[in-house]
Number of protein chains: 2
Amino acid sequence: MLNKNVFLKKYFLMTRSEENYLKTIFHLGGGDSKSITTNAIAEQMETKPSSVTDMAKKLAEKGLVNYVKYQGVSLTNSGVKTALSIIRKHRLWEVFLVEKLDFSWDEVHEVAEQLEHIKSEKLIDKIDELLNFPKYDPHGDPIPTKDGKFQERDKKLLSEMAINATGVCVGVKDSSVPFLKFLDKNKIALGNSIKVLDKEDFDNSLRIQLEGKEIRISHQIASNLYVKKND
Amino acid sequence: MLNKNVFLKKYFLMTRSEENYLKTIFHLGGGDSKSITTNAIAEQMETKPSSVTDMAKKLAEKGLVNYVKYQGVSLTNSGVKTALSIIRKHRLWEVFLVEKLDFSWDEVHEVAEQLEHIKSEKLIDKIDELLNFPKYDPHGDPIPTKDGKFQERDKKLLSEMAINATGVCVGVKDSSVPFLKFLDKNKIALGNSIKVLDKEDFDNSLRIQLEGKEIRISHQIASNLYVKKND
DNA sequence: AATTAAATTTAGACAAAACTAAAAATAGAT
DNA sequence: ATCTATTTTTAGTTTTGTCTAAATTTAATT
């Protein structure tokens, strides 16, 4: 390979693996200059701590993370920027899959994991435009703008809402396939109106009104559903 | 990695590099049980013959190519099937980029080279459906169906058409960026009606009527434009 | 048929990204 | 403050896909 390309690769071009590390570190909170341990990263990525150490050095070399031996890693400004651009792509592709290709929300993650690594600024900007610049992905998570800004929605876990409070379902905390499939089966979707009718002290289960219909849900479920309170 | 996965990887899962080799061998004619030399493949892929030899062995091991030392490679049935599925994805993505995201036809190839490797049968079938099952890509090349069938259109190079013959521009032979940009600049597009008015013996240039307007084009251009003759 | 030129393969090396096992550093508990 | 358990790093190995240089085979020419 040409010398110039070796240089570019070493300092500018991101590999898929590097992008995945940055994304994981961001999700573990490494964007707030908090140090994330190699163990935590390894566990999240289902890899070994020694592999994380290797990558930490490489990312530090590129100026994407701060890495101090035995002290874990945190993202630099440049690292945050890069992580957000990958998360932006991931979430926009998820919206695309649901809105334009009728994927169900439990199917999108795996495919978006691949699509997020496609390198073309024009492509993702056009997808953004096609979707009319959505602010949230199918799980209710906010989509960063092109310049890396995004706003977490003012939301509460359903399990923490007061009796008689009303709101709209805006997101999920657990976005695993089994949970999403459960919600589908029980016809619970983002945008649904919710009113808390009653709480059962014994098992913390809830009686709620969902789009007018009265149903009962367990604490497990209620503590993984985000609701935006009506003012 | 688990033993099962090693097995899957060795015999079933395709890497990006393997897919690119299969595609190249197909494009060089290796689908018609014709032997393609390692040199030809290396040149096309801008790599070295020794690298091709390595890959030839691996693909043979997977049953995707027939490889005899010093004799070159040809695709097996399984290899053709795989190559066609990659070409199908490439061409469908090209249509998507042009039709849905307003890419110009000289911009699509590079991005489609990445998108063709996304692994999701559902994704590409849904894209196919969204595009209403197109038969040709933006350069006029046929898109294989899901079961690997495709029909080359009955077409002729513009340079080979008789004087006074009429037809419709249906494809390009050279799909390089400079040529496509040239066509754009001169407002020559697929679907345009064409009538050959006159041939210049001296330099083989043509006088043609394009969508009613009379223009002159060089032999270079005419021998890279495909036309479907009107019956 | 022998010789030479070209094409192809082998052998050995490298970089990326992972791993294992062993060594080193840190943190917690007494 | 020391010892121990845990965490983290180092060192060395593996796999994939590439490369160079050397060796081998094929093809072409006389």
Side-chain angles (χ1 to χ4, degrees), chain A residues 1-25 28 30 34-62 64-74 113 117 119, chain B residues 1-25 28 30 34-62 64-74 113 117 119:
Chain A
M1 197 186 277
L2 275 74
N3 227 311
K4 194 178 81 178
N5 289 344
V6 173
F7 176 76
L8 280 175
K9 195 163 182 184
K10 182 154 185 191
Y11 296 108
F12 295 104
L13 301 178
M14 305 288 298
T15 67
R16 178 174 297 228
S17 183
E18 286 167 348
E19 290 187 345
N20 283 333
Y21 273 96
L22 288 182
K23 201 180 49 161
T24 301
I25 296 166
L28 290 172
K34 194 178 95 186
S35 255
I36 312 297
T37 66
T38 49
N39 246 10
I41 297 167
E43 187 172 359
Q44 182 71 24
M45 299 187 72
E46 300 190 343
T47 181
K48 303 290 166 183
S50 55
S51 307
V52 178
T53 302
D54 289 344
M55 186 54 85
K57 289 174 182 169
K58 205 197 300 183
L59 293 174
E61 180 76 15
K62 288 193 181 190
L64 295 163
V65 304
N66 306 114
Y67 168 58
V68 184
K69 263 196 198 184
Y70 297 101
Q71 305 294 134
V73 297
S74 64
E113 285 284 297
H117 299 291
K119 282 166 183 54
Chain B
M1 197 187 277
L2 275 74
N3 226 310
K4 194 178 80 178
N5 289 344
V6 173
F7 175 77
L8 281 175
K9 195 162 183 185
K10 181 152 186 193
Y11 294 107
F12 294 104
L13 302 177
M14 305 288 299
T15 67
R16 179 175 297 229
S17 183
E18 287 166 348
E19 290 187 346
N20 284 332
Y21 273 96
L22 288 182
K23 200 180 49 162
T24 301
I25 295 166
L28 291 172
K34 197 177 93 185
S35 255
I36 311 299
T37 66
T38 48
N39 246 12
I41 298 167
E43 188 171 358
Q44 182 71 24
M45 299 188 72
E46 300 190 345
T47 180
K48 303 291 166 184
S50 55
S51 307
V52 178
T53 301
D54 289 343
M55 186 55 83
K57 289 175 183 169
K58 203 198 300 186
L59 293 174
E61 180 76 16
K62 288 194 182 190
L64 295 163
V65 304
N66 306 114
Y67 168 59
V68 184
K69 264 196 198 183
Y70 297 102
Q71 304 294 136
V73 298
S74 64
E113 285 283 297
H117 299 292
K119 281 165 183 55

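Note on naming: letters A, B, ... go to the chains in the order of the sequence lines (proteins, then strands), and numbering restarts at 1 for each one.
One can place CD of B:Glu61 at 14 Å from P of D:dT15, the figure rounded to the nearest angstrom. Taking atom CZ of residue B:Arg16 and atom C1' of nucleotide C:dA16, one finds them 15 Å apart after rounding to whole Å. The distance from atom CE of A:Met14 to atom C1' of C:dA16 is 14 Å, rounded to the nearest whole Å. Note: CG (A:Asp54) to C1' (D:dT13) measures 12 Å, nearest angstrom. Between B:Met55 atom CE and C:dT9 atom P the separation is 14 Å, expressed in whole Å. To the nearest angstrom, C1' of C:dA11 lies 10 Å from NZ of B:Lys57.
The CG atom of B:Leu59 sits 5.0 Å away from the CG atom of B:Leu22 when rounded to the nearest 0.5 Å. The distance from atom OG1 of A:Thr24 to atom CE of A:Met45, rounded to the nearest 0.5 Å, is 4.0 Å.
For A:Ser74, the side chain to side chain contact (heavy atoms under 4.5 Å, CB included) criterion is met by A:Asn66, not counting sequence neighbours. Taking the side chain to side chain contact (heavy atoms under 4.5 Å, CB included) definition, one finds that A:Lys34 meets it with A:Ile36, sequence neighbours left out. The salt bridge (Lys or Arg N to Asp or Glu O under 4.0 Å) search around A:Glu43 returns none, not counting sequence neighbours. Residues that satisfy the salt bridge (Lys or Arg N to Asp or Glu O under 4.0 Å) test with A:Lys119, not counting sequence neighbours, are A:Glu19.
We find that B:Glu113 and B:Lys23 are joined by a salt bridge, their nearest charged nitrogen and carboxylate oxygen being less than 4.0 Å apart.
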I'd like a list of close polar pairs between nucleotides 23-26 of chain D and the protein, N/O only, cut-off under 3.5 Å.
residue, atom, partner, partner atom, Å
D:dT25, O4', B:Tyr70, OH, 3.4

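Backbone-only engagement by B:Ser17 is indicated by non-hydrogen atom pairs under 4.0 Å involving sugar-phosphate atoms exclusively. Across all strands, A:Ser51 comes closer than 4.0 Å to base atoms (heavy-atom distances).
Contacts between residues 36-49 of chain B and DNA chain C, defined by a heavy-atom separation under 4.0 Å, are made by B:Thr37, B:Thr38, B:Asn39, B:Pro49.
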Passes side chain to side chain contact (heavy atoms under 4.5 Å, CB included), B:Leu64 versus B:Met14? Steps please. CA-CA 11 Å; B:Leu64 295 163; B:Met14 305 288 299; 3.7 Å; yes

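Between D:dT18 and B:Tyr21, a contact under 4.0 Å exists linking OP1 or OP2 to a side-chain N or O.
Minimum interatomic distance between A:Pro49 and A:Thr38 (heavy atoms only, all atoms of both residues): O-CB, 4.4 Å.
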